[in-house]
Amino acid sequence: MSDHPLDAIFDRFISSPSIFKNHEVLRPSHIPDKLPHRDYEIQFLGKALGSALRNNRPSNIFLYGKTGTGKTIVSKYVTKYLQERANSIGKNIIVSLLNCVEIDTDYRVLARLCDLIGEPVPFTGLPTDEVFQRFKAKLDSKKQLLIVVFDELDKLHQKSGDNVLYQLTRINTDLKKAQVSLVCITNDLSFKETLDPRVRSSLSEEELVFKPYNSLQLEDILAERAKEGFHEGVLTEGVISLCAALAAQEHGDARRALDLLRVAAEIAERENESKVLQSHVRKASKQIEKDTIQEALISLPVQTKLVLWAVYVLEKSTLKVITTGDIYKVYLELCKTTGLDPITPRRANSLLNELSMLGVVNTKVVSMGRYGRTTKVSLSVSPRQTRNILCEDFYIKKVSDFNAQTLLGKD
DNA sequence: TGTCCACTGGAACGTACGGCTT
DNA sequence: AAGCCGTACGTTCCAGTGGACA
């Protein structure tokens, strides 16, 4: 017991005090008591939803703003307190926050809402219409207000259209006891134009745009959280402002700023330092970028990985410009070697577009006149990292030393 | 000025699967 | 057991297109 190989490491955790006082406070999901620089937004939403306490159905609300501008947290902040106050006077308000990145079909939206009001439904098997009927019946079984917050609504709309939105905006005419209000959040400013006009007008009875934070405002936000999150004096001079400045470069994203600060402190702790230094923040910045890419790549389906590998292989070749045609040629060869059934060019093209959405590759549609119209593709993440991550895959391993040169030479 | 390449990207459809209702 | 339903992944078909070249 005295000479366990982990003793040295574990002892360090026991003996030296943690940098963190409360780790949770530094997560973007935490809702603090104060939200600096969002007073107006909080008041606005509070006024809009407050009418619920007076038995009126609140207007439907549209919230715009880029990522990390506080849309989600302000919504949570306001609805949480609204629920508390409603409970204290015996009113029944249910709030459902739906993240449309995960809940991206009509069926899933309704299934989630059903779960919430105590009408569990299977995750597949029922007609969507049936789920809606059940939801409506259960909801109307007593007097209550349901506030549905659609976070990143554009993702739901993109995949499944506005069917469910239409139904939900109309539902109040059918309900006798219960009422439904909608809060829609999106970071796509032009999104509203793509909605069905009927849905659009009833969804945006009220509207609010969240402006990005500037560097100073981000500092305030970080300072506020740091008070609770860290022991006193562990953040050295300039750490907070560096986090703020780095995040402000990326359109004033508060989530990013918080992540930077938290990860920087984690790195400091791992390095057995008692204080967080600016160098830790820089390391954190690199680390976060790396993690994001890794997460995106590792979970890709095999076919997508193979298409990406084709891009990688071509990037390594002497070719100056990579087009979809070349990628497909290489892809077919990769399929031969790995023994996988190839997908069609059409499908490969879709996968390439998905990779572009993820920010893994750059794509640009170009016309080469006589020589047709195609898409120029390039890797937008480090090739070395792409290789390291993809080569963990069973199939990619088989083609890890594939050389595009011979193939291109033949043509 | 018109042609025509090498695709792009929308739409409809097919298949496999888990899981429901009757 | 039969008949649906939603989801994921893929195919087939094909009209549309930007711009270098004859």
Side-chain angles (χ1 to χ4, degrees), chain A residues 98-115 118-138 154-168 194 196 296-311 314 319-336 338-358 360-378 393-396 404 407-408 410-411:
Chain A
L98 305 177
N99 184 347
C100 300
V101 175
E102 298 153 30
I103 304 174
D104 58 356
T105 63
D106 292 354
Y107 187 91
R108 282 177 199 165
V109 168
L110 293 170
R112 181 57 72 91
L113 293 179
C114 280
D115 272 353
E119 175 75 32
V121 289
F123 68 87
T124 173
L126 291 176
T128 309
D129 224 36
E130 163 76 18
V131 180
F132 184 66
Q133 294 310 328
R134 286 194 196 181
F135 163 69
K136 209 158 72 174
K138 178 76 183 183
D154 42 320
K155 299 291 187 312
L156 169 67
H157 181 257
Q158 200 182 328
K159 212 180 149 191
S160 315
D162 32 29
N163 216 334
V164 124
L165 293 173
Y166 181 68
Q167 282 180 313
L168 286 177
T194 62
D196 184 296
L297 296 191
I298 217 152
S299 55
L300 293 175
V302 193
Q303 293 291 7
T304 317
K305 279 185 185 166
L306 216 54
V307 171
L308 180 60
W309 190 248
V311 179
L314 284 165
L319 220 62
K320 296 139 276 154
V321 175
I322 304 171
T323 65
T324 40
D326 300 328
I327 293 172
Y328 193 70
K329 269 183 226 154
V330 172
Y331 165 80
L332 284 179
E333 284 304 311
L334 293 175
C335 280
K336 254 189 222 164
T338 54
L340 282 167
D341 284 342
I343 53 174
T344 57
R346 177 69 187 87
R347 181 66 187 148
N349 199 20
S350 300
L351 296 183
L352 219 41
N353 279 330
E354 281 172 31
L355 286 172
S356 170
M357 292 284 199
L358 281 172
V360 179
V361 298
N362 279 314
T363 57
K364 194 178 177 207
V365 179
V366 288
S367 173
M368 303 197 293
R370 245 301 122 97
Y371 307 103
R373 195 162 170 263
T374 181
T375 306
K376 270 204 291 189
V377 182
S378 62
D393 188 280
F394 172 76
Y395 288 102
I396 303 290
L407 180 67
L408 295 169
K410 270 189 277 178
D411 282 350

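Each chain gets a letter, A, B and so on, in the order the sequences are listed, and its residues count up from 1. Any value given below was found using the heavy atoms of this structure, including those in side chains, with hydrogens, waters and symmetry copies removed.
Each of B/dT8, C/dG6, C/dA22 was ranked by its minimum atom distance to the side chain of A/Arg370; first place goes to C/dA22. Among the nucleotides B/dG9, C/dA8, C/dG18, the one closest to the side chain of A/Arg108 is C/dA8. Taking the side chain of A/Leu126 as heavy atoms from C-beta on, and the options B/dT8, C/dG6, B/dT21, the nearest nucleotide is B/dT21. Checking B/dC20, B/dG18, C/dG10 against the side-chain heavy atoms of A/Arg347 singles out C/dG10 as nearest. Set against C/dC5, C/dG18, C/dC21, the side chain of A/Pro127 has C/dC5 as its closest nucleotide. Among the nucleotides C/dT11, B/dA6, B/dG19, the one closest to any side-chain atom of A/Pro122 is B/dG19.
Of all heavy-atom pairs between A/Gly325 and A/Thr374, the closest is N-OG1, 4.5 Å. Contact between A/Asp104 and A/Val101 at its shortest, heavy atoms only, is OD2-O, 4.0 Å.
If you check every strand for non-hydrogen atoms under 4.0 Å, A/Thr128 touches sugar and phosphate atoms only. Residue A/Glu130 is out of contact with every strand shown, counting any heavy-atom pair closer than 4.0 Å.
In this structure, the CD atom of A/Glu354 is 12 Å from the C1' atom of C/dG10, given to the nearest Å. Rounding to whole angstrom units, NZ of residue A/Lys364 and P of B/dT8 are separated by 15 Å. Between the C1' atom of B/dA6 and the OH atom of A/Tyr371 lies a distance of 13 Å, rounded to the nearest Å. Between A/Phe123 atom CZ and B/dC17 atom P the separation is 15 Å, expressed in whole Å. Taking atom CG of residue A/Leu351 and atom P of nucleotide B/dT8, one finds them 13 Å apart after rounding to whole Å. The distance between atom CG of A/Leu340 and atom P of C/dC9, rounded to the nearest whole Å, is 15 Å. Between A/Lys376 atom NZ and B/dT8 atom C1' the separation is 16 Å, expressed in whole Å. The interatomic distance linking A/Met368 (CE) with B/dA6 (P) rounds to 8 Å, in whole Å.
Under the 3.5 Å distance criterion, the side-chain polar atoms of A/Gln303 are matched with a main-chain donor or acceptor of A/Asp341. A/Thr304 places no side-chain N or O within 3.5 Å of a backbone atom of A/Leu300 that could act as its donor or acceptor partner. Side chain of A/Tyr331 to backbone of A/Ile343: a donor-acceptor contact under 3.5 angstrom is found.
For a distance-only test at 3.5 Å, the side chain of A/Arg346 qualifies as a donor-acceptor partner of the base of B/dG10.
Regarding contacts with the backbone of B/dG9, a side-chain N or O of A/Asn353 is found under 4.0 angstrom from either OP1 or OP2. In this structure, A/Thr124 does not reach the C/dC5 phosphate: none of its side-chain N or O atoms is under 4.0 Å from OP1 or OP2. Within the structure, a side-chain polar atom (N or O) of A/Arg134 is placed less than 4.0 Å from OP1 or OP2 of B/dT21. Remark: A/Thr324 is in phosphate contact with B/dT8, judged by side-chain N or O atoms under 4.0 Å from OP1 or OP2. OP1 or OP2 of C/dT7 lies within a sub-4.0 Å distance of a side-chain N or O belonging to A/Thr105.
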*Any chance you could lay out the salt bridge (Lys or Arg N to Asp or Glu O under 4.0 Å) test for A/Glu333 and A/Lys329, step after step, and finish with the verdict?*
CA-CA 7 Å; A/Glu333 284 304 311; A/Lys329 269 183 226 154; over 6 Å; no

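Taking for each of A/Thr375 and A/Gly369 the nucleotide of DNA chain B with the nearest heavy atom, the 5'-most of the two is the partner of A/Gly369.
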